[in-house]
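Numbers restart at 1 for each chain; the letters A, B, ... are given by sequence-line order, proteins then strands. Remember, it's a predicted structure, so these values are computed and weren't measured experimentally.
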Protein chains: 2
Amino acid sequence: MALSHSILATLVGRAKPLSGYDLAKEFNSSVGFFWKTTHQQIYRELAKLEKEGMLTSELVRQKDRPDKKIYSITDYGRTHLVEWIAEPSVPTPIKEDMLVKMYVGFLVPKEILIGELEQLRDIHKERLRLYHEYEKKYFLDVTKMNMKGKYRYLNLRSGINFEAGHIKWCNEAIEFLKNEFE
Amino acid sequence: MALSHSILATLVGRAKPLSGYDLAKEFNSSVGFFWKTTHQQIYRELAKLEKEGMLTSELVRQKDRPDKKIYSITDYGRTHLVEWIAEPSVPTPIKEDMLVKMYVGFLVPKEILIGELEQLRDIHKERLRLYHEYEKKYFLDVTKMNMKGKYRYLNLRSGINFEAGHIKWCNEAIEFLKNEFE
DNA sequence: TTAAAATATGCAACAAGTTGAATATAGTCT
DNA sequence: AGACTATATTCAACTTGTTGCATATTTTAA
C-alpha cells in the first residue's frame, strides 16, 4: 500500500504544497524512479488521504491557467509516514514478463528471445546512462552532501545497481542462447 | 496481464493436466520464483481461461480425497501464449517500499534504516543460498541439459543475479549509512 | 483424543491499478 | 485557421490483486 506513502513522502520533503498535477510530474522523475503510477490514481488517492486527515488542501484561483488544489501534509500524516517507515519491509513480490517467456522459451525460435533481450537491455542501458549522468551532475562529492542529498544518493545508487544487474543478466542470457543452443 | 500467461506457461510444459491446487503449489516454487499469486486468484483465472477457450477441464472423482478439476491447455491457448511471447516485453514498473523509505530516511534515526536493510539483506541472502543449492544440484553440467533445462537454467541465473544485486546494494547502503552520516 | 496439516475448491468484499474519455483555458507551432 | 502542447482535474468502467472466510475429507502429529 505504498502509493499513499509515496505521496506523503513527496509532500513531506517540501516547503511549498503541491497540486495533483505537480505530484504527477514528480512521479515521472524523482520518486517515479521507484514508484510508478498515473495522474488518475494520484487524484483519487489525494482525495482519500485528505478524507483521512493525512493531507489538507487549499484551492488556488488562477486567471491565466486553470484553478488548482494544492496539498500539504498534516502532523497526523507525517506521524503515519514515520510509523510506516519503522515497520519492517518485505521485498516486493517479483513479477517479470520476460522470465515467464524464458520459462517457455522452447516454444519459439531462440532468435525471438534474443531480440527481446536486446531490446530490454537497451532500455536498461538508457536508464543506466541517465543515472550515471545524474551521479556526475549532482553527486560527485559525497562529503559535501546534506542529509537529504545523501538519502537521494542512496536511491540513485540503488537504481544504478539495479539497471547494471539487468544489463548483466541480459548479456549473459543472450550469450548463452547464442552459444549453448544448437 | 501475465498471470494468465504464467498459468498457460505452467500447463504447456506438462504431459499431464493439473488441478488448481497443483498449480498453486507450482506458484510456490518454480514459476513462483518470478510470478507470485494466491490460490484464490488461480481458481478465478482458471475459470476465465476455460470460458475463453484457452483451457479445458475434466472433473476427477476421488474416494480418499476431495474431487478435483484438472486443466489442460488447448491449441488456441498455446497459440495465444506463443503470440504473447513474440510481443516485445517492457520491464515491470518498479515499486519498492524500501526505496520510498530511503527517500525520506531523514525522518527517522539511521539505525532504523540500517536494521531494515539488514533484514532485507538476510532475506535475499537466504534466497541466493537456495538458488545456489539448485544450481549445484541440477545445473552443474550445462552441456548435458536439454532445451527445457537450458531455459530453466537461464531463469535460475536471473534469480541469482537479482538476489546478488540486492545483497550488494543493501551492503553498500548499510556501509554508507554507518560511515557517511554523522 | 484432539489438533493440525494436507488435499481440494470456491465466494465475497475490498483495495489497487489500468485505460479511455471529458472538460476548460492559454500559448505555440505550422 | 487548425493542430498541438501545457496546465489542471475528474469520472467511469474495467482488470488485477489481497484478505478473510466457508466447506469437506483424510492422514499425521502431539
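A donor-acceptor pair shorter than 3.5 Å cannot be found between the side chains of A:T10 and A:E26. Counted by atom type alone, B:S4 and B:K48 present zero donor-acceptor pairs between their side chains at under 3.5 Å.
Proximity note for A:T38 (side chain, C-beta onward) versus D:dA8, D:dT25, C:dT19: the nearest is C:dT19. Comparing atom distances between the B:Q41 side chain and each of C:dG17, D:dA8, D:dT18 picks out D:dT18 as nearest. Of the candidate nucleotides C:dA13, C:dT19, D:dT9, C:dT19 has the atom nearest to the side chain of A:Q40. Comparing D:dT7, C:dG10, D:dG17 by their closest approach to the side chain of B:W35 singles out D:dG17.
Regarding B:I42, its CD1 atom lies at a distance of 20 Å from the P atom of D:dT15, rounded to whole Å. Distance B:I70 CD1 to C:dA8 P: 11 Å, rounded to the nearest Å. Atom-to-atom, NZ of A:K95 to P of C:dG17 comes out at 11 Å; the value is rounded to the nearest Å. Look at OH on A:Y21: it is 15 Å from P on D:dT10, rounded to the nearest Å. For B:D22 and C:dT7, the CG to C1' distance is 10 Å, given to the nearest whole Å. If you take CG of B:L49 and C1' of D:dT15, they are 13 Å apart, rounded to a whole angstrom. Atom pair A:Y43:OH and D:dC11:P shows a separation of 12 Å (rounding to whole Å applied). A straight line from CZ of B:F27 to P of D:dT18 spans 13 Å, rounded to a whole angstrom.
On a pure distance criterion of 3.5 Å, no polar donor-acceptor pair joins the side chain of A:R65 and the base of C:dG27. Not a single donor-acceptor pair, N or O on each side, falls under 3.5 Å between the base of D:dT19 and the side chain of B:R44.
Residues A:H39 and B:K48 each lie close to DNA chain D; by heavy-atom proximity, the contact nearer the 5' end of the strand is made by A:H39. When the nearest nucleotides of DNA chain C are assigned to A:P66 and A:E45 by heavy-atom distance, the more 5′-ward of the two goes with A:E45.
In terms of phosphate contacts, A:K63 brings no side-chain nitrogen or oxygen within less than 4.0 Å of OP1 or OP2 of C:dT25. Using a 4.0 Å cut-off, no side-chain N or O of B:K25 falls inside it from OP1 or OP2 of C:dA8. Under 4.0 angstrom from either OP1 or OP2 of C:dT7 there lies no side-chain N or O belonging to B:Q62.
Residue contacts shown for A:K36 are absent, as no nucleic acid heavy atom lies under 4.0 Å away. Note on A:S19: only backbone sugar-phosphate atoms sit closer than 4.0 angstrom, heavy atoms only; bases stay farther off.
Between A:F162 and A:F34, the distance from one ring center to the other does not fall under 6.0 angstrom.
Under the 4.0 Å criterion applied to side-chain N and carboxylate O atoms, A:E58 and A:K69 are not assigned as salt-bridge partners.
Side-chain atoms of A:D97 do not come within 3.5 Å of backbone N or O of B:S89 as any donor-acceptor pair.
Figure legend: cation-pi geometry between B:K150 and A:F181, with NZ or CZ positioned under 6.0 Å from the six-membered ring centre and within 45° of its axis.
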